[in-house]
Amino acid sequence: MTLASFQRALSDFIASPALVRQVWDDPDSALAGYQLSARERARLKAVARQPGMETSCALYRMNRVTPLYTYLRLTCQALEGSLREELDRFWRLQPAHVQFEREVEHFETFLRSRVHAGALPPLVEEVLDLELAVNALRYGYAGSERPVARGALALRKDARVVRLSREPLALLSALDTEIPLDELPEGEHYVLVMGGGDDLEVLPIAAELGVPLLAITRGDGDSVPADMVETLMDAALIERPTEAGRP
Amino acid sequence: MAVESRPSGGAHDLDALPELGVGVLYNVALPRFLRSNPAAWDYIEVIPDMFWRDRGTGQQPRYHELDAWMTELEWIASRHPVVAHNIGLSLAGTTPLDEQYVAKLAEWHERFGFRWHSDHLSFVDVASAHGVDHNTGLAVPMPYDHEVLDLVAGRIERVKQTISAAFLIENNVSFIDFPDQEMSEPEFLNRLAASTGCGLLLDVHNVYANSRNHGFDAKAFVDAVELDRVIEIHIAGGTELDGMWLDSHSGACPEPVLELLDHVAARASNLRAITFEFHESYFPVLGEDGLREQLERARVAWTRRGT
């Protein structure tokens, strides 16, 4: 069915200005992978050269960058000079999704894989964790958060904890002002994100609190000493959910 | 070749539609305005996909309705008419129709009593080389050929089998122009309406954008459309990017769009609704006064509509 192949070619053009340029330079090679009628082939060659194709490519990229900048603005800034290259790589690997949340989830998975492969600095993943924590409480987006087992220790539902290797306020300031992140001194810092909707607080906390809270978040509550569990329970920072489910 | 006969019941669907008046496409900037300006609007148009999270085909449950959004929809639907403006039927697409999605729309139709449904004359789903369907990231137009006409008509019929409501098709904004098309866009719209019994949602901002970008006379275009099939009109603002006019829904309507609105409304004898579309990010620029002005301007056209 050539119409399906025509649609695939057209959508591939819109997603890839490089493919459009390839059609300009060597149309037979660029279109070799598509089963097309002579008229469809002629149409694709024609529209590849129209100014409106460039506009379509730009709109595609605007549509795809919008969810990422809406929900992961700081993470995009943490990518610094590699942002454009990483976006191109992501868009090549991952087709679009009409729902913002799914696009954000896919970008999260992509970035974590890039960090774990050593292609991006770990600080990118830390900023990602911070923004996902904020999104979870502000919008209820669970993302890749692990479900809580019934009876297991868990953070209270309106709280998240994140570990950062830079001082939190200095990091946020650097992201906003585009100060190079490698100029910030390294250390071990924790923040507690609490609240919901537009009423959120991001509080720096000591490692004595941050380490056990993070362990509990990761499902490793058994490693936390009993007296600390009692302290966190008394402070109403953790709980034992009676039902399994999302945090 | 396209089927020329009108399906039984199609014309009746359109004749029975209520006159709604002036409305606005729902977005997150609107709740306070809607409550404080009840006289400014008569109905609300909603994009159902904005009110839920779609976890994807095969997931159980696939759709998760968003509490805050649902509260607003229930408030609106309990007081005013609501119409559904869909974005996921991929009417010009060759991938299989997403039956789960259509079933969800049908469920919402029963729940919220949508006065009618609409979607765009484009495709948004495509099969990759490996056969996996994915979103195109942009509503993509198709050539106005008989093959595409049959494809779109067939999909509309499938939708109408599941959702027992009048269905409107919206004209495209298109930045590319396919050579050697078998029909003009107005001819395609007229034939599609005749073969399926669907109505037309004429987006006059899209007509304006296309006329600017492709150099044709917007009034001649709308005059070539069978305006008695126009049930709803969309108006909106746009922006220019590198010489191309975009349908960015960026606030107030340009004057030529309002002139086109007046021209069409005066001639569309079955017009039931005029909807103003804007993106929520432009609300701080538009403001409550600006939004009221757009709706008041639409109401002028509504009161002068053809009968």
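Just so you know, these numbers use all the heavy atoms, side chains as well, and skip hydrogens, waters and symmetry mates. Each chain gets a letter, A, B and so on, in the order its sequence line appears, and its residues count up from 1.
For chain A, the nearby part of D145(B) is the side chain; its heavy atoms alone come within less than 4.5 Å. Contact of R8(A) with chain B is made through backbone and side chain together, with heavy-atom distances under 4.5 Å. Residue A15(A) does not touch chain B at all, counting heavy-atom pairs closer than 4.5 Å. Proximity to chain A is absent for every atom of L66(B), based on heavy atoms less than 4.5 angstrom apart. For S56(A), the parts lying under 4.5 angstrom from a heavy atom of chain B are both the backbone and the side chain.
Side chains of L44(A) and F178(B) form no contact here, defined as non-hydrogen atoms less than 4.5 Å apart. In this structure the side chain of F175(B) never reaches within 4.5 angstrom of the side chain of E54(A), judged on heavy atoms. Side-chain contact check for V140(B) versus I14(A): some heavy-atom pair is nearer than 4.5 Å. Between L3(A) and M142(B), the closest side-chain pair of non-hydrogen atoms falls below 4.5 Å. By the 4.5 Å heavy-atom criterion applied to side chains, L59(A) and L246(B) are counted as neighbours. Residues I176(B) and L10(A) have side chains in contact (heavy-atom distance under 4.5 Å, counting atoms from C-beta outward).
Under 4.0 Å is where a charged nitrogen must lie from a carboxylate oxygen, and between E182(B) and R39(A) at least one such pair does.
Side chain of N63(A) to backbone of L138(B): no donor-acceptor contact under 3.5 angstrom is found. Side chain of R102(A) to backbone of R55(B): a donor-acceptor contact under 3.5 angstrom is found. The backbone N or O of D54(B) sits nowhere less than 3.5 Å from a side-chain atom of E101(A) that would complete a donor-acceptor pair. With hydrogens and angles disregarded, a donor-acceptor distance shorter than 3.5 Å links the side chain of Q99(A) to the backbone of W52(B).
More than 12 heavy atoms of other residues, nucleotides or ligands lie within 6.0 Å of CZ in R35(B), so this atom counts as buried by the packing criterion. Heavy-atom contacts from other residues, nucleotides or ligands closer than 6.0 Å to CD of E201(A) number 12 or fewer. Within 6.0 Å of atom CH2 in W75(B), more than 12 heavy atoms from other residues, nucleotides or ligands are found, so the atom counts as buried in its surroundings.
Residues A46(A) and P179(B) come closest through the heavy atom pair CB-CG, 3.7 Å.
With values rounded to the nearest 0.5 angstrom, Q50(A) atom CD is found 7.5 Å from H214(B) atom NE2. Atom-to-atom distance recorded for F100(A):CZ and R53(B):CZ is 14.0 Å, nearest 0.5 angstrom. Taking OG1 of T66(A) as the reference point, atom NE2 of H279(B) lies at 7.5 Å (rounded to 0.5 Å).
When each of T95(B), L241(B), N213(B), T136(B) is scored by its heavy-atom pairs under 4.5 Å with chain A, the top score falls to T136(B).
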- Task: List the steps and the verdict of salt bridge (charged side-chain N to carboxylate O under 4.0 Å, His left out) for R43(A) and D177(B).
- Result: CA-CA 9 Å; R43(A) 281 174 169 168; D177(B) 188 16; over 6 Å; no
